[in-house]
Protein chains: 2
Amino acid sequence: MSLATDAADKPTLYKRIRADIERRILTGEWPPGHRIPFEHELVARYGCSRMTVNKALSELAQADLIERRRRAGSFVRRPQHQSAVLKIADIRAEITALGRTYGYELIGRKLRAATAADRERLGVKKAGKVVAISCRHSADNVPFAVEDRLIDLASVPSAATADFSREPPGSWLLHHVPWTEAEHTISAIVADDRTAETLDIAIGAPCLVIDRYTWRSARTITAVRLLYPGDSHRLVARFKGG
Amino acid sequence: MSLATDAADKPTLYKRIRADIERRILTGEWPPGHRIPFEHELVARYGCSRMTVNKALSELAQADLIERRRRAGSFVRRPQHQSAVLKIADIRAEITALGRTYGYELIGRKLRAATAADRERLGVKKAGKVVAISCRHSADNVPFAVEDRLIDLASVPSAATADFSREPPGSWLLHHVPWTEAEHTISAIVADDRTAETLDIAIGAPCLVIDRYTWRSARTITAVRLLYPGDSHRLVARFKGG
DNA sequence: TTGACTTATATGTCTAGACATATAATCGTA
DNA sequence: TACGATTATATGTCTAGACATATAAGTCAA
């Protein structure tokens, strides 16, 4: 026989405390601004030490569900900054995840001294060299996106000799320059004649534009503009809380 | 005189430990997959108790920077799901934050039994009543976005009598239905004649589309479609880490 | 070689205290 | 009444232990 008492497989105490409080907040039983019981009250209620309830409350605070104020207590935070997690996958991963065949084609690659426009786009001041890459991604041989990218060689010297005719620069960078920060700007344009031809859509058709500017520890790495046919591509962002 | 030794205002010990490790990860000194020193090693290095280093490591694990495995140790996580935080503010807040004057205009409001199309859009099966709202937001008297919304009255009965002629439904919902989950879909279209007229742009001009579907504890609340002139609006998403 | 069993070990959780510190509340004074 | 000093208190951090538990690694037999 097993040694199990009827305690069964209940989670650890601090997790139970955390879940209890979280449930009350999420159901609205404790609305924003509500003061959560003091630690010493929870200690009494759950019959445990203060460190245990402290751990539960600290995690809730780290998750921005509550706010802790010395001497005052802990309070349910009000619906904060409305934000969402936007998944922006590597294009190749995105396409293969859909079960479609990924295709890649290098349109152009140029190594040059940074022009004024390049420097502005990358947000760097000093003169230096850059690699400019233009390429196209396709799914099942249908154009999926065109990419227009600039890489700062001062930050990523090895990009000068990388072979981008086989591997897309995005994937290459992902493997060579981890841990970056980025800013995305999403907008819409209509296809000009060149874009229309590359994406095989009509001139004037809507396109979704993602401009991504990537850096690492205040060091510019790359700036990229991705153009997707607007009616065939969807960016999905899921958002929880607040 | 003050009692301060030259220790000055250094942060607490566990925060220093956490920052030390975080720095090594972010600079690449400890690449993905690298094994972080064992807790007992960090205890020796920092001369503190295990609970203190445990707190530092737990927070790093909660932030998804490291992965902890029993008996094996703690490891730097590799660049995970490429995701970004996308700020999607309440439109009124967004406009006033820009220092512009917010304007709102109710175009139409209808209370009706849910049609088949309504039910599909809201993802509900049972018949019920809905409120359909169409309205326009403007900044400095220039059209900023058109909104087309459906509210499920089964979830938000008070929406039946709310006065949406003064307050935008988004703001009203934000104050009456906190803590929701949502899914956003972003795409691009070109303006049809009606949209063009409402937004005061040319027919065929690009528009950014945000479809937002909101629920709470598996209960549908509202589905909304926002149309922005594509060349004047920008969605900015910032992304940090891996 | 493979599978089953044992063992060592790093993390996971918890305790019963301690002192530090920010600050809400109170009290005293101008 | 308004302002400054004092006090009470809830959280913040930390310790030196303890036992639990998952699991990598080693052991041994089929």
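By convention in this document, chain letters (A, B, ...) are assigned in the order of the sequence lines, proteins followed by strands, and residues within each chain are numbered from 1.
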At less than 4.0 Å, is any side-chain N or O atom of A:K55 found next to OP1 or OP2 of C:dC14? Yes or no.
no
To the nearest 0.5 Å, atom CG of A:N54 lies from atom OG of A:S49 at 9.0 Å
Per atom distances to the A:E39 side chain, the nearest of C:dT11, C:dA24, D:dG12 is D:dG12
Using a strict cut-off of less than 4.0 Å between a Lys/Arg side-chain nitrogen and an Asp/Glu carboxylate oxygen, indicate whether A:D20 and A:K15 qualify as a salt bridge.
no
Can you find a side chain N or O atom of A:T52 that sits less than 4.0 Å from OP1 or OP2 on C:dT15?
yes
Under 4.0 angstrom between B:R70 side-chain N/O and C:dT9 OP1 or OP2:
no
Of the nucleotides C:dC14, C:dA24, D:dA16, which has the atom closest to the A:A72 side chain?
C:dA24
B:I17 atom CD1 is separated from D:dT13 atom P, nearest whole Å, by 12 Å
Rounded to whole Å, how long is the line connecting atom CG of A:L57 with atom P of D:dT11?
7 Å
Are any of the side-chain nitrogens in A:E41 or A:R35 under 4.0 Å away from the carboxylate oxygens of its partner?
yes
note: A:E67, atom CD; C:dA22, atom C1'; distance rounded to Å ~ 14 Å
Look at the side-chain N and O atoms of B:R69 and state whether any lies under 4.0 Å from the OP1 or OP2 oxygen of C:dA10.
no
Rounded distance (Å) that lies between atom C1' of D:dT11 and atom CG of A:L60:
15 Å
Taking for each residue the nucleotide of DNA chain D bearing the nearest heavy atom, is the 5' side occupied by A:R71 or by A:P37?
A:R71
What is the distance from CE of A:M51 to C1' of D:dA10, rounded to the nearest Å?
16 Å
Do the charged groups of A:E120 and A:K125 touch, with an N to O distance under 4.0 Å?
no
Whole angstrom is fine here: how far is it from NZ in B:K15 over to P in C:dA20?
18 Å
Hey, does A:S74 reach any base, or is it just sugar-phosphate, or nothing, if we go heavy atoms under 4.0 Å?
sugar-phosphate
Between atom CZ in B:R50 and atom P in C:dG12, what is the gap in whole Å?
9 Å
Name each donor-acceptor pair under 3.5 Å that joins a side chain in residues 97-104 of chain B to protein atoms two or more places apart or in another chain, with its distance.
from   : atom 1 : to     : atom 2 : distance (Å)
B:T101 : OG1    : B:D140 : OD1    : 3.4
B:Y102 : OH     : B:H137 : ND1    : 2.7
B:Y104 : OH     : B:F164 : O      : 2.6

Within this structure, what is the CG-to-C1' distance between B:N54 and D:dG17, rounded to whole angstrom?
14 Å
